[in-house]
Amino acid sequence: LARRQLCPGTGQPLGGGSQEKKPVICIEGNIASGKTTCLEYFAKTNNIEVLPEPVSKWRNLRGHNLLGLMYEDVSRWAITLQSYVQLTMLEQHTLPLTAPIRMMERSIYSAKYIFVENHYRSCRMPAVDYEVLSQWFQWIISNVKIQIDLIVYLQTSPEACYKRLRNRCREEEQIVPLVIPADHDLQKMLKRYEKNWERILSPSRGPVTCSQ
Ligand code: DCP
């Protein structure tokens, strides 16, 4: 999109001069799918403004680690984290555009339709918390102009994401479980247990449920 729409000479989007709408692109994908790497790649291009997700804010709100609390006890703290995620994503969406193209990590939509919905549907978020967040969300999208022109979804397998998540060692995420599909015959299952021997038995790795 950047190559197609930017004039190499002026850096302005092609086809409409300075009045042309500046496109906003959101990068979505699983946790640890490589969104940050994608953003870093495009950050090297002139005239693209890149907005990484404000994870550092979620990890330190005046000394409170909301991300850590959420992983410790989802039912108690998901509402707290997601309220703040919604606010910080809204802040990102409403920042004035400072370049011909904006690329941002995630969006207020994935916060709601992936994380909040997932917590609620998997019965880890009480209905009352879900309703409050949903009311806020509906009010925001009805009253605030949120421009998104393209969503790029980085498609990755849960296994690849899990591996990357382990490698990056973000403290709060070490509790994220691994699922082992167990519908297979005995020989295949024994192979899987063998393959995942260390992951299952390593005491530093937190709870395990395996996927390969
Ligand atoms: N998170 C959350 N609720 C949200 C958004 C994210 O609980 N609405 C959590 C999940 C992760 C952490 O925040 O523990 C960051 O997740 P992301 O997938 O947004 O970002 P990554 O850092 O995993 O991106 P990538 O590795 O793809 O660059």
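Just so you know, ligand 1 is whichever comes first in the structure, and atom 1 is the first atom listed for that ligand. Because only heavy atoms are used, hydrogens play no part in the values below, and waters and symmetry mates are left out as well, while side chains stay in. None of these values were measured; they are calculated from a predicted model.
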Legend entry - Which residue and heavy atom of the protein sit nearest atom 24 (O) of ligand 1, plus the separation: Lys35 NZ, 3.1 Å
Inset, instruction - Below 4.0 angstrom from a heavy atom of Arg168, which ligand 1 atoms are there? Numbered from 1 as shown, please. - result: 21 (P), 22 (O), 23 (O), 25 (P), 26 (O)
Legend entry - For Ala111, atoms of ligand 1 separated by under 4.0 Å from a heavy atom: 8 (N)
Inset, instruction - Please could you name the atoms of ligand 1 that Glu105 approaches to less than 4.0 Å, counting only its heavy atoms? - result: 20 (O), 24 (O), 28 (O)
Legend entry - Contact check: Tyr71 vs ligand 1, nitrogen or oxygen atoms, below 3.5 angstrom: yes
Inset, instruction - May I ask you to identify, for Ile31, whether its side chain, its backbone, both or neither come under 4.0 Å of ligand 1 on a heavy-atom basis? - result: both
Legend entry - Side-chain donor or acceptor of Lys22 paired with backbone N/O of Thr98 under 3.5 Å: no
Legend entry - Check: Arg106 side chain, Met89 main-chain N or O, donor-acceptor pair, under 3.5 Å: no
Inset, instruction - Report yes or no: does Glu172 have a heavy atom closer than 4.0 Å to ligand 1? - result: no
Inset, instruction - Taking only Lys NZ, Arg NE, NH1 and NH2, and the carboxylate oxygens of Asp or Glu, determine whether Arg166 and Glu173 approach each other closer than 4.0 Å. - result: no
Legend entry - Shortest protein heavy-atom distance from atom 16 (O) of ligand 1, along with the residue and atom involved: Glu53 OE1, 4.0 Å
Inset, instruction - Check step by step if side-chain contact (heavy atoms from CB on, under 4.5 Å) holds for Gln86 and Ile108. - result: CA-CA 6 Å; Gln86 191 155 258; Ile108 198 165; 3.9 Å; yes
Legend entry - Atoms of ligand 1 close to Val85 [distance to a heavy atom under 4.0 angstrom, numbered from 1]: 8 (N)
Inset, instruction - Report, in ascending order of atom number, the atoms of ligand 1 lying under 4.0 Å from any heavy atom of Met70. - result: 7 (O)
Inset, instruction - Verify, without hydrogens or angle tests, whether Gln92 (side chain) and Thr88 (backbone) share a donor-acceptor contact under 3.5 angstrom. - result: no
Legend entry - Close N or O approach (Thr37, ligand 1; < 3.5 Å): no
Inset, instruction - Return the orientation label for the Trp139 and Trp136 ring planes: parallel under 30°, perpendicular over 60°, tilted otherwise. - result: perpendicular
Legend entry - Leu81, any N or O under 3.5 Å of ligand 1 N or O: no
Inset, instruction - Would you mind checking which non-hydrogen protein atom is closest to atom 11 (C) of ligand 1, with the distance to 0.1 Å? - result: Glu173 OE2, 3.1 Å
Inset, instruction - Considering the heavy atoms of Arg106, write down every atom of ligand 1 situated less than 4.0 Å from one of them. - result: 17 (P), 18 (O), 19 (O)
Legend entry - Carboxylate-amine/guanidinium contact Lys191 Glu194, below 4.0 Å: no
Inset, instruction - From the options Glu172, Glu171, Arg59, select the one residue that forms a side-chain hydrogen bond (donor to acceptor under 3.5 Å, both in side chains) with Asn65. - result: Glu172
Legend entry - Whether His93 side chain and Ser107 backbone form a donor-acceptor pair below 3.5 Å: no
Legend entry - Parallel, tilted or perpendicular: rings of Tyr120 and Tyr130 (30°, 60°): parallel
Inset, instruction - Please state which part of Leu67 comes within less than 4.0 Å of ligand 1, counting heavy atoms only: side chain, backbone, both or neither. - result: side chain
Inset, instruction - Can you pull out the closest protein heavy atom to atom 15 (C) of ligand 1? Residue, atom name and distance to 0.1 Å, please. - result: Arg170 NH1, 3.4 Å
Legend entry - ligand 1 contact on Leu154 by region, counting heavy-atom pairs under 4.0 Å: neither
Inset, instruction - Drop me the distance from Cys26's SG to Lys35's NZ, to the nearest 0.5 angstrom. - result: 12.0 Å
Legend entry - Heavy atom of Met89, distance to ligand 1 below 4.0 Å: no
Legend entry - Test side-chain contact (heavy atoms from CB on, under 4.5 Å) applied to Cys38 and Leu154, Val50, Val152, the passing residue: Leu154
Inset, instruction - Considering only non-hydrogen protein atoms, determine which one is nearest to atom 5 (C) of ligand 1 and report residue, atom name and distance to 0.1 Å. - result: Phe115 CE1, 3.4 Å
Inset, instruction - Specify the protein heavy atom at minimum distance from atom 3 (N) of ligand 1: its residue, its atom name, and the distance to 0.1 Å. - result: Gln82 NE2, 2.9 Å
